[in-house]
2 protein chains.
Amino acid sequence: MSPRDPNPRGARRSKDDVVDAALVLLDRVGLPDLSMRRLGEELGVQPSALYWHVASKQELLAQVSARILAPVALRDGDPDDLERAAVTLGRRLHDRLLAHRDGAEVVSSSLALGLVASPVHDGLRTIDDSPAADVVADAVTHYVVGVTFHDQQRRAADAWGTAASTVALSPESAAAPAPDAFEAALALIARGIAPWRADIGRASDAAAPGA
Amino acid sequence: MSPRDPNPRGARRSKDDVVDAALVLLDRVGLPDLSMRRLGEELGVQPSALYWHVASKQELLAQVSARILAPVALRDGDPDDLERAAVTLGRRLHDRLLAHRDGAEVVSSSLALGLVASPVHDGLRTIDDSPAADVVADAVTHYVVGVTFHDQQRRAADAWGTAASTVALSPESAAAPAPDAFEAALALIARGIAPWRADIGRASDAAAPGA
DNA sequence: ACCTGAACACCGTTCAAGT
DNA sequence: ACCTGAACACCGTTCAAGT
(Lines give C-alpha, C1' and ligand atoms only; values in the text may rest on other atoms or scores of the structure.)
Protein backbone atom coordinates (compact mmCIF):
# COMPACT_ATOMS: atom_id res chain seq x y z
CA MET A 1 0.00 0.00 0.00
CA SER A 2 2.69 2.49 0.96
CA PRO A 3 4.60 4.05 -1.91
CA ARG A 4 7.96 3.17 -0.32
CA ASP A 5 9.46 -0.23 -0.76
CA PRO A 6 6.82 -1.93 -2.87
CA ASN A 7 9.55 -4.40 -3.81
CA PRO A 8 10.95 -5.48 -0.46
CA ARG A 9 12.76 -8.57 -1.74
CA GLY A 10 15.25 -8.81 -4.58
CA ALA A 11 12.63 -8.22 -7.31
CA ARG A 12 14.66 -6.23 -9.80
CA ARG A 13 13.30 -4.00 -12.51
CA SER A 14 13.70 -4.26 -16.24
CA LYS A 15 13.89 -1.34 -18.62
CA ASP A 16 10.31 -2.11 -19.65
CA ASP A 17 9.18 -1.80 -16.05
CA VAL A 18 10.76 1.61 -15.84
CA VAL A 19 9.11 2.83 -19.04
CA ASP A 20 5.76 1.38 -17.98
CA ALA A 21 5.96 3.15 -14.65
CA ALA A 22 6.91 6.40 -16.35
CA LEU A 23 3.84 6.26 -18.57
CA VAL A 24 1.55 5.53 -15.63
CA LEU A 25 3.11 8.32 -13.62
CA LEU A 26 2.81 10.71 -16.57
CA ASP A 27 -0.92 10.07 -16.71
CA ARG A 28 -1.27 10.59 -13.00
CA VAL A 29 0.84 13.71 -12.38
CA GLY A 30 1.57 15.25 -15.78
CA LEU A 31 4.87 16.08 -17.46
CA PRO A 32 5.92 18.96 -15.18
CA ASP A 33 5.78 16.68 -12.14
CA LEU A 34 7.31 13.65 -13.79
CA SER A 35 10.79 13.75 -12.25
CA MET A 36 13.40 11.04 -12.02
CA ARG A 37 13.21 11.31 -8.24
CA ARG A 38 9.46 10.86 -8.23
CA LEU A 39 9.71 7.92 -10.61
CA GLY A 40 12.36 6.28 -8.46
CA GLU A 41 10.10 6.66 -5.47
CA GLU A 42 7.27 5.02 -7.38
CA LEU A 43 9.49 2.06 -8.21
CA GLY A 44 10.90 1.82 -4.70
CA VAL A 45 14.37 2.67 -5.92
CA GLN A 46 16.91 5.46 -5.62
CA PRO A 47 16.74 7.98 -8.50
CA SER A 48 20.27 7.08 -9.46
CA ALA A 49 19.21 3.49 -10.07
CA LEU A 50 17.18 4.62 -13.07
CA TYR A 51 20.39 5.53 -14.84
CA TRP A 52 21.30 1.91 -15.06
CA HIS A 53 18.22 1.42 -17.28
CA VAL A 54 18.21 4.61 -19.32
CA ALA A 55 20.94 7.02 -20.32
CA SER A 56 18.95 10.15 -19.55
CA LYS A 57 15.51 11.50 -18.87
CA GLN A 58 15.24 12.43 -22.51
CA GLU A 59 15.86 8.86 -23.58
CA LEU A 60 13.24 7.69 -21.11
CA LEU A 61 10.71 10.12 -22.58
CA ALA A 62 11.60 8.89 -26.05
CA GLN A 63 10.73 5.34 -24.97
CA VAL A 64 7.47 6.62 -23.53
CA SER A 65 6.78 8.37 -26.84
CA ALA A 66 7.42 5.18 -28.76
CA ARG A 67 4.85 3.39 -26.59
CA ILE A 68 2.30 6.13 -27.16
CA LEU A 69 2.86 6.11 -30.91
CA ALA A 70 3.05 2.37 -31.52
CA PRO A 71 -0.63 1.88 -32.47
CA VAL A 72 -0.50 4.64 -35.08
CA ALA A 73 1.28 2.47 -37.62
CA LEU A 74 -0.43 1.67 -40.90
CA ARG A 75 -2.18 -1.69 -40.80
CA ASP A 76 -4.03 -4.10 -43.04
CA GLY A 77 -7.26 -2.70 -44.32
CA ASP A 78 -6.06 0.89 -44.22
CA PRO A 79 -6.45 2.96 -47.39
CA ASP A 80 -3.55 2.69 -49.82
CA ASP A 81 -3.71 6.05 -51.52
CA LEU A 82 -1.68 8.92 -50.13
CA GLU A 83 -4.55 11.26 -49.37
CA ARG A 84 -6.74 8.83 -47.48
CA ALA A 85 -3.86 7.16 -45.69
CA ALA A 86 -2.71 10.57 -44.49
CA VAL A 87 -6.12 11.28 -43.01
CA THR A 88 -6.25 7.87 -41.33
CA LEU A 89 -2.82 8.27 -39.78
CA GLY A 90 -3.51 11.83 -38.73
CA ARG A 91 -6.72 10.84 -36.99
CA ARG A 92 -4.99 7.93 -35.31
CA LEU A 93 -2.12 10.14 -34.14
CA HIS A 94 -4.61 12.58 -32.68
CA ASP A 95 -6.35 9.82 -30.74
CA ARG A 96 -3.10 8.46 -29.34
CA LEU A 97 -1.84 11.86 -28.23
CA LEU A 98 -5.12 12.57 -26.47
CA ALA A 99 -4.97 9.20 -24.75
CA HIS A 100 -2.17 10.34 -22.41
CA ARG A 101 -1.74 13.38 -20.23
CA ASP A 102 0.59 15.87 -21.95
CA GLY A 103 0.96 13.30 -24.74
CA ALA A 104 1.48 15.93 -27.42
CA GLU A 105 4.29 17.70 -25.57
CA VAL A 106 6.15 14.49 -24.79
CA VAL A 107 5.90 13.21 -28.35
CA SER A 108 6.60 16.60 -29.90
CA SER A 109 10.01 16.94 -28.31
CA SER A 110 11.03 13.32 -28.88
CA LEU A 111 10.08 13.76 -32.53
CA ALA A 112 11.91 17.05 -32.82
CA LEU A 113 15.05 15.61 -31.29
CA GLY A 114 14.85 12.67 -33.68
CA LEU A 115 14.76 10.20 -30.80
CA VAL A 116 11.63 8.46 -32.02
CA ALA A 117 10.47 7.63 -35.53
CA SER A 118 7.43 9.36 -36.97
CA PRO A 119 4.73 6.78 -37.74
CA VAL A 120 3.08 9.13 -40.21
CA HIS A 121 6.24 9.52 -42.23
CA ASP A 122 7.02 5.81 -42.05
CA GLY A 123 3.51 4.87 -43.06
CA LEU A 124 3.18 7.24 -45.98
CA ARG A 125 6.58 6.31 -47.35
CA THR A 126 5.43 2.73 -47.84
CA ILE A 127 2.64 4.07 -50.07
CA ASP A 128 4.52 6.67 -52.04
CA ASP A 129 8.27 7.01 -52.14
CA SER A 130 8.34 10.42 -53.77
CA PRO A 131 9.27 13.48 -51.72
CA ALA A 132 5.58 14.43 -51.75
CA ALA A 133 4.92 11.77 -49.10
CA ASP A 134 7.25 13.52 -46.67
CA VAL A 135 5.67 16.87 -47.37
CA VAL A 136 2.21 15.50 -46.65
CA ALA A 137 3.51 13.73 -43.55
CA ASP A 138 5.11 16.94 -42.29
CA ALA A 139 1.95 18.93 -42.76
CA VAL A 140 -0.29 16.33 -41.13
CA THR A 141 2.07 15.61 -38.24
CA HIS A 142 2.72 19.23 -37.36
CA TYR A 143 -0.93 20.16 -37.64
CA VAL A 144 -2.10 17.30 -35.44
CA VAL A 145 0.65 17.63 -32.86
CA GLY A 146 0.25 21.40 -32.76
CA VAL A 147 -3.50 21.35 -32.31
CA THR A 148 -3.31 18.67 -29.64
CA PHE A 149 -0.48 20.35 -27.75
CA HIS A 150 -2.38 23.62 -27.75
CA ASP A 151 -5.49 21.86 -26.57
CA GLN A 152 -3.85 19.93 -23.77
CA GLN A 153 -1.94 22.95 -22.49
CA ARG A 154 -5.08 25.04 -22.43
CA ARG A 155 -6.96 22.38 -20.55
CA ALA A 156 -4.16 22.15 -17.97
CA ALA A 157 -3.95 25.92 -17.67
CA ASP A 158 -7.70 26.31 -17.30
CA ALA A 159 -7.80 23.55 -14.74
CA TRP A 160 -5.21 25.25 -12.60
CA GLY A 161 -6.29 28.85 -13.11
CA THR A 162 -3.36 30.04 -15.20
CA ALA A 163 -5.76 31.45 -17.79
CA ALA A 164 -7.14 34.96 -18.19
CA SER A 165 -4.06 37.07 -18.83
CA THR A 166 -2.73 38.99 -21.81
CA VAL A 167 -5.20 37.56 -24.24
CA ALA A 168 -8.90 38.06 -23.88
CA LEU A 169 -10.49 34.65 -23.76
CA SER A 170 -14.03 33.84 -24.68
CA PRO A 171 -15.78 32.11 -21.79
CA GLU A 172 -15.32 28.66 -23.27
CA SER A 173 -11.61 29.40 -23.64
CA ALA A 174 -11.68 29.57 -27.45
CA ALA A 175 -9.35 26.57 -27.51
CA ALA A 176 -9.09 23.94 -30.22
CA PRO A 177 -11.28 23.83 -33.28
CA ALA A 178 -14.49 21.92 -32.84
CA PRO A 179 -14.12 18.22 -33.62
CA ASP A 180 -15.67 18.56 -37.05
CA ALA A 181 -13.38 21.48 -37.85
CA PHE A 182 -10.38 19.36 -36.92
CA GLU A 183 -11.58 16.58 -39.18
CA ALA A 184 -12.30 18.99 -42.00
CA ALA A 185 -8.94 20.70 -41.77
CA LEU A 186 -7.12 17.38 -41.70
CA ALA A 187 -8.92 16.24 -44.82
CA LEU A 188 -8.26 19.53 -46.60
CA ILE A 189 -4.58 19.53 -45.78
CA ALA A 190 -4.27 16.04 -47.20
CA ARG A 191 -6.41 16.91 -50.20
CA GLY A 192 -4.46 20.10 -50.83
CA ILE A 193 -1.04 18.53 -50.78
CA ALA A 194 -1.34 14.87 -51.67
CA PRO A 195 -2.36 15.27 -55.31
CA TRP A 196 0.45 17.66 -55.94
CA ARG A 197 3.39 15.57 -57.16
CA ALA A 198 5.20 18.23 -59.15
CA ASP A 199 8.84 18.69 -58.34
CA ILE A 200 8.45 19.36 -54.63
CA GLY A 201 12.04 19.48 -53.46
CA ARG A 202 14.37 18.62 -56.26
CA ALA A 203 16.77 19.38 -53.39
CA SER A 204 16.73 15.70 -52.43
CA ASP A 205 19.72 13.97 -53.95
CA ALA A 206 19.28 11.34 -56.63
CA ALA A 207 17.93 8.61 -54.39
CA ALA A 208 15.06 7.00 -56.27
CA PRO A 209 15.62 7.75 -59.93
CA GLY A 210 13.13 5.15 -61.14
CA ALA A 211 10.19 6.12 -58.97
CA MET B 1 33.45 44.57 -18.41
CA SER B 2 32.74 42.14 -15.60
CA PRO B 3 29.28 40.63 -15.60
CA ARG B 4 28.72 41.56 -11.97
CA ASP B 5 27.52 44.98 -11.04
CA PRO B 6 27.21 46.61 -14.43
CA ASN B 7 24.90 49.08 -12.73
CA PRO B 8 26.96 50.26 -9.78
CA ARG B 9 24.85 53.37 -9.01
CA GLY B 10 21.14 53.51 -8.45
CA ALA B 11 20.29 52.89 -12.15
CA ARG B 12 17.11 50.88 -11.77
CA ARG B 13 15.62 48.59 -14.37
CA SER B 14 12.26 48.78 -16.07
CA LYS B 15 10.20 45.83 -17.15
CA ASP B 16 11.28 46.51 -20.72
CA ASP B 17 14.92 46.27 -19.68
CA VAL B 18 14.26 42.87 -18.18
CA VAL B 19 12.49 41.58 -21.30
CA ASP B 20 15.21 43.02 -23.55
CA ALA B 21 17.91 41.33 -21.53
CA ALA B 22 16.00 38.05 -21.61
CA LEU B 23 15.81 38.13 -25.40
CA VAL B 24 19.51 38.89 -25.71
CA LEU B 25 20.36 36.14 -23.26
CA LEU B 26 18.09 33.70 -25.10
CA ASP B 27 19.99 34.30 -28.30
CA ARG B 28 23.32 33.84 -26.56
CA VAL B 29 22.71 30.76 -24.41
CA GLY B 30 19.46 29.16 -25.62
CA LEU B 31 16.28 28.33 -23.77
CA PRO B 32 17.63 25.50 -21.59
CA ASP B 33 20.23 27.84 -20.09
CA LEU B 34 17.97 30.84 -19.75
CA SER B 35 17.37 30.81 -16.01
CA MET B 36 16.11 33.53 -13.74
CA ARG B 37 19.39 33.32 -11.84
CA ARG B 38 21.44 33.76 -14.98
CA LEU B 39 19.27 36.64 -16.11
CA GLY B 40 19.59 38.34 -12.75
CA GLU B 41 23.36 38.01 -12.98
CA GLU B 42 23.30 39.57 -16.43
CA LEU B 43 21.35 42.55 -15.08
CA GLY B 44 23.50 42.87 -11.97
CA VAL B 45 20.59 42.02 -9.74
CA GLN B 46 19.47 39.24 -7.41
CA PRO B 47 17.19 36.68 -9.08
CA SER B 48 14.44 37.60 -6.66
CA ALA B 49 14.50 41.19 -7.95
CA LEU B 50 13.08 39.97 -11.26
CA TYR B 51 9.87 39.06 -9.52
CA TRP B 52 9.14 42.69 -8.95
CA HIS B 53 8.95 43.12 -12.75
CA VAL B 54 7.29 39.88 -13.81
CA ALA B 55 4.99 37.49 -12.03
CA SER B 56 6.75 34.34 -13.22
CA LYS B 57 9.24 32.98 -15.70
CA GLN B 58 6.33 31.99 -17.92
CA GLU B 59 5.07 35.55 -18.05
CA LEU B 60 8.56 36.73 -18.90
CA LEU B 61 8.73 34.25 -21.78
CA ALA B 62 5.33 35.44 -22.96
CA GLN B 63 6.68 38.99 -23.15
CA VAL B 64 9.67 37.71 -25.06
CA SER B 65 7.29 35.89 -27.42
CA ALA B 66 5.31 39.07 -28.00
CA ARG B 67 8.52 40.88 -28.99
CA ILE B 68 9.44 38.08 -31.38
CA LEU B 69 6.00 38.05 -32.97
CA ALA B 70 5.35 41.78 -33.19
CA PRO B 71 6.56 42.22 -36.82
CA VAL B 72 4.34 39.41 -38.09
CA ALA B 73 1.21 41.56 -38.02
CA LEU B 74 -0.60 42.28 -41.27
CA ARG B 75 0.39 45.63 -42.73
CA ASP B 76 -0.49 47.98 -45.56
CA GLY B 77 0.22 46.53 -48.95
CA ASP B 78 -0.32 42.95 -47.80
CA PRO B 79 -2.74 40.81 -49.83
CA ASP B 80 -6.34 41.07 -48.75
CA ASP B 81 -7.66 37.67 -49.76
CA LEU B 82 -7.57 34.84 -47.25
CA GLU B 83 -5.34 32.50 -49.19
CA ARG B 84 -2.58 34.94 -50.04
CA ALA B 85 -2.67 36.68 -46.66
CA ALA B 86 -2.26 33.31 -44.99
CA VAL B 87 0.85 32.59 -47.02
CA THR B 88 2.29 36.03 -46.27
CA LEU B 89 1.72 35.69 -42.54
CA GLY B 90 3.03 32.13 -42.49
CA ARG B 91 6.21 33.14 -44.25
CA ARG B 92 6.64 36.08 -41.92
CA LEU B 93 6.08 33.92 -38.85
CA HIS B 94 8.69 31.49 -40.09
CA ASP B 95 11.23 34.27 -40.53
CA ARG B 96 10.62 35.67 -37.06
CA LEU B 97 10.89 32.30 -35.34
CA LEU B 98 14.15 31.61 -37.12
CA ALA B 99 15.49 35.01 -36.11
CA HIS B 100 15.92 33.95 -32.47
CA ARG B 101 17.53 30.94 -30.86
CA ASP B 102 14.84 28.44 -29.82
CA GLY B 103 12.28 30.96 -31.08
CA ALA B 104 9.77 28.29 -32.06
CA GLU B 105 9.81 26.57 -28.67
CA VAL B 106 9.42 29.80 -26.74
CA VAL B 107 6.56 31.02 -28.91
CA SER B 108 4.91 27.62 -29.10
CA SER B 109 4.38 27.35 -25.39
CA SER B 110 3.30 30.96 -24.91
CA LEU B 111 0.78 30.45 -27.69
CA ALA B 112 -0.44 27.16 -26.25
CA LEU B 113 -0.89 28.66 -22.81
CA GLY B 114 -2.79 31.56 -24.34
CA LEU B 115 -0.35 34.08 -22.90
CA VAL B 116 0.30 35.75 -26.21
CA ALA B 117 -2.01 36.53 -29.12
CA SER B 118 -1.53 34.74 -32.42
CA PRO B 119 -0.72 37.27 -35.14
CA VAL B 120 -1.86 34.87 -37.84
CA HIS B 121 -5.30 34.47 -36.27
CA ASP B 122 -5.60 38.19 -35.58
CA GLY B 123 -4.53 39.08 -39.10
CA LEU B 124 -6.77 36.65 -40.93
CA ARG B 125 -9.78 37.58 -38.85
CA THR B 126 -9.60 41.15 -40.15
CA ILE B 127 -9.94 39.73 -43.67
CA ASP B 128 -12.60 37.11 -43.13
CA ASP B 129 -14.73 36.82 -40.06
CA SER B 130 -16.08 33.36 -40.85
CA PRO B 131 -14.85 30.33 -38.90
CA ALA B 132 -12.82 29.38 -41.98
CA ALA B 133 -10.29 32.07 -41.11
CA ASP B 134 -9.51 30.40 -37.80
CA VAL B 135 -9.17 27.02 -39.44
CA VAL B 136 -6.70 28.37 -41.98
CA ALA B 137 -4.84 30.21 -39.22
CA ASP B 138 -4.63 27.04 -37.13
CA ALA B 139 -3.27 25.01 -40.00
CA VAL B 140 -0.71 27.62 -41.03
CA THR B 141 0.41 28.41 -37.49
CA HIS B 142 0.83 24.83 -36.41
CA TYR B 143 2.59 23.86 -39.59
CA VAL B 144 5.06 26.74 -39.42
CA VAL B 145 5.71 26.49 -35.69
CA GLY B 146 6.06 22.71 -35.92
CA VAL B 147 8.48 22.74 -38.81
CA THR B 148 10.58 25.46 -37.23
CA PHE B 149 10.64 23.84 -33.80
CA HIS B 150 11.70 20.56 -35.34
CA ASP B 151 14.37 22.31 -37.34
CA GLN B 152 15.80 24.32 -34.46
CA GLN B 153 15.86 21.33 -32.09
CA ARG B 154 17.66 19.21 -34.66
CA ARG B 155 20.23 21.91 -35.25
CA ALA B 156 20.86 22.18 -31.52
CA ALA B 157 21.05 18.41 -31.10
CA ASP B 158 23.40 18.01 -34.03
CA ALA B 159 25.58 20.81 -32.77
CA TRP B 160 25.98 19.17 -29.39
CA GLY B 161 26.18 15.57 -30.53
CA THR B 162 22.84 14.37 -29.15
CA ALA B 163 22.01 12.90 -32.58
CA ALA B 164 22.47 9.35 -33.88
CA SER B 165 20.30 7.31 -31.56
CA THR B 166 17.12 5.31 -31.98
CA VAL B 167 16.37 6.61 -35.42
CA ALA B 168 18.69 6.10 -38.31
CA LEU B 169 19.55 9.49 -39.68
CA SER B 170 20.68 10.23 -43.17
CA PRO B 171 24.03 12.01 -43.10
CA GLU B 172 22.52 15.44 -43.59
CA SER B 173 20.21 14.76 -40.65
CA ALA B 174 17.07 14.51 -42.79
CA ALA B 175 15.74 17.57 -40.96
CA ALA B 176 13.29 20.15 -42.28
CA PRO B 177 11.92 20.17 -45.81
CA ALA B 178 14.05 22.04 -48.30
CA PRO B 179 13.17 25.75 -48.48
CA ASP B 180 11.16 25.33 -51.65
CA ALA B 181 9.23 22.41 -50.12
CA PHE B 182 8.37 24.59 -47.13
CA GLU B 183 7.09 27.32 -49.43
CA ALA B 184 5.16 24.85 -51.53
CA ALA B 185 3.52 23.17 -48.55
CA LEU B 186 2.56 26.50 -47.05
CA ALA B 187 0.92 27.56 -50.30
CA LEU B 188 -0.88 24.24 -50.65
CA ILE B 189 -2.23 24.31 -47.12
CA ALA B 190 -3.61 27.77 -47.70
CA ARG B 191 -4.96 26.82 -51.11
CA GLY B 192 -6.51 23.64 -49.76
CA ILE B 193 -8.36 25.25 -46.90
CA ALA B 194 -8.98 28.88 -47.70
CA PRO B 195 -11.47 28.40 -50.54
CA TRP B 196 -13.50 26.01 -48.51
CA ARG B 197 -16.14 28.08 -46.73
CA ALA B 198 -18.78 25.40 -46.22
CA ASP B 199 -20.09 25.00 -42.70
CA ILE B 200 -16.76 24.37 -41.02
CA GLY B 201 -17.72 24.27 -37.38
CA ARG B 202 -21.36 25.10 -36.95
CA ALA B 203 -20.23 24.48 -33.35
CA SER B 204 -19.45 28.17 -33.04
CA ASP B 205 -22.38 29.99 -31.54
CA ALA B 206 -24.44 32.41 -33.61
CA ALA B 207 -21.84 35.18 -33.79
CA ALA B 208 -21.83 36.52 -37.33
CA PRO B 209 -25.12 35.55 -38.94
CA GLY B 210 -24.74 37.96 -41.87
CA ALA B 211 -21.22 37.10 -42.94
C1' DA C 1 9.53 51.96 -6.32
C1' DC C 2 12.99 48.70 -6.59
C1' DC C 3 16.06 45.55 -4.59
C1' DT C 4 18.80 42.27 -1.08
C1' DG C 5 19.55 38.01 1.50
C1' DA C 6 18.19 34.06 2.99
C1' DA C 7 15.53 30.39 2.75
C1' DC C 8 12.19 26.50 0.86
C1' DA C 9 11.48 22.79 -1.77
C1' DC C 10 13.01 21.01 -5.35
C1' DC C 11 15.86 19.38 -9.98
C1' DG C 12 19.11 15.85 -13.43
C1' DT C 13 23.20 13.43 -13.24
C1' DT C 14 27.66 11.11 -11.67
C1' DC C 15 30.15 7.83 -9.28
C1' DA C 16 32.31 4.99 -5.94
C1' DA C 17 30.83 1.26 -3.49
C1' DG C 18 27.91 -2.53 -2.29
C1' DT C 19 25.40 -7.34 -3.28
C1' DA D 1 23.32 -7.30 -13.13
C1' DC D 2 21.20 -4.02 -10.49
C1' DC D 3 21.17 -0.82 -6.84
C1' DT D 4 22.60 2.52 -2.69
C1' DG D 5 24.32 6.83 -0.71
C1' DA D 6 26.27 10.81 -1.10
C1' DA D 7 27.47 14.47 -3.53
C1' DC D 8 27.66 18.29 -7.41
C1' DA D 9 25.82 21.94 -9.51
C1' DC D 10 21.99 23.67 -10.24
C1' DC D 11 16.52 25.24 -10.42
C1' DG D 12 11.83 28.75 -9.66
C1' DT D 13 9.73 31.22 -6.17
C1' DT D 14 8.59 33.60 -1.63
C1' DC D 15 9.17 36.93 1.70
C1' DA D 16 10.76 39.85 5.33
C1' DA D 17 13.61 43.57 5.36
C1' DG D 18 16.19 47.37 3.53
C1' DT D 19 16.68 52.14 0.83
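In what follows, every chain begins at residue 1, and chains take the letters A, B, ... in the order their sequences are listed. The structure displayed is predicted, hence computed values, not measured ones.
Pair assignment for D/dG12 gives C/dC8, based on Watson-Crick or G-U wobble hydrogen-bonding distances that are each under 3.5 Å. Remark: D/dC2 base-pairs with C/dG18. Criterion, Watson-Crick or G-U wobble with two distances under 3.5 Å.
At least one side-chain heavy atom of A/Leu34 sits under 4.5 Å from a side-chain heavy atom of A/Leu61. Contact check for A/Glu105 versus A/Gln153: side-chain heavy atoms found under the 4.5 Å cut-off.
For B/Ser48, the side-chain atoms get nearest to C/dG5 when compared with the rest of C/dG5, D/dT13, D/dC11. For B/Gln46, taking side-chain heavy atoms from C-beta onward, the closest of the listed nucleotides D/dC2, C/dT4, D/dT13 is C/dT4. Nearest to the side-chain atoms of B/Trp52 among the listed nucleotides C/dC11, C/dT14, C/dA1 stands C/dA1. Listed candidates were D/dC3, C/dC11, C/dA1. Nearest to the side chain of A/Arg12 is D/dC3.
Separation of the P atoms belonging to D/dA9 and C/dA9 is 24 Å when rounded to the nearest angstrom.
In this structure, the CG atom of A/Leu50 is 14 Å from the C1' atom of C/dT14, given to the nearest Å. Atom C1' of nucleotide D/dC11 and atom CG of B/Leu39 are separated by 14 Å, given to the nearest angstrom. Atom CG in B/Asp33 sits about 16 Å away from atom P in D/dA9, given to the nearest Å. Atom pair A/Tyr51:OH and C/dC15:P shows a separation of 13 Å (rounding to whole Å applied). Nucleotide C/dT13 holds its C1' atom 9 Å from the CZ atom of A/Arg37, rounded to whole Å. If you take CG of A/Leu43 and P of D/dC3, they are 9 Å apart, rounded to a whole angstrom. Taking atom CD on B/Glu41 and atom C1' on D/dC11, their separation rounds to 14 Å, with Å as the unit. One atom, NZ of B/Lys57, and another, P of D/dT14, lie 14 Å apart when rounded to the nearest Å.
For B/Arg13, a side-chain nitrogen or oxygen approaches OP1 or OP2 of C/dC3 to under 4.0 Å. Contact annotation: B/His53 does not reach the phosphate of C/dA1 (side-chain N/O to OP1 or OP2, under 4.0 Å).
Heavy-atom distances to DNA chain C give each of A/Met36 and A/Ala49 a nearest nucleotide, and the one nearer the 5′ end belongs to A/Met36. Two residues, A/Ala55 and A/Arg38, neighbour DNA chain C, and the one matched to the more 5' nucleotide by heavy-atom proximity is A/Arg38.
A/Ser14 and A/Asp16 are not linked by any side-chain donor-acceptor pair at a separation below 3.5 angstrom, with hydrogens and angles left out of the test.
Between B/Arg67 and B/Asp20 a salt bridge is recorded (basic side-chain N to carboxylate O distance below 4.0 Å). For B/Arg91 and B/Asp95, the salt-bridge test fails: no basic side-chain N is under 4.0 Å from an acidic carboxylate O.
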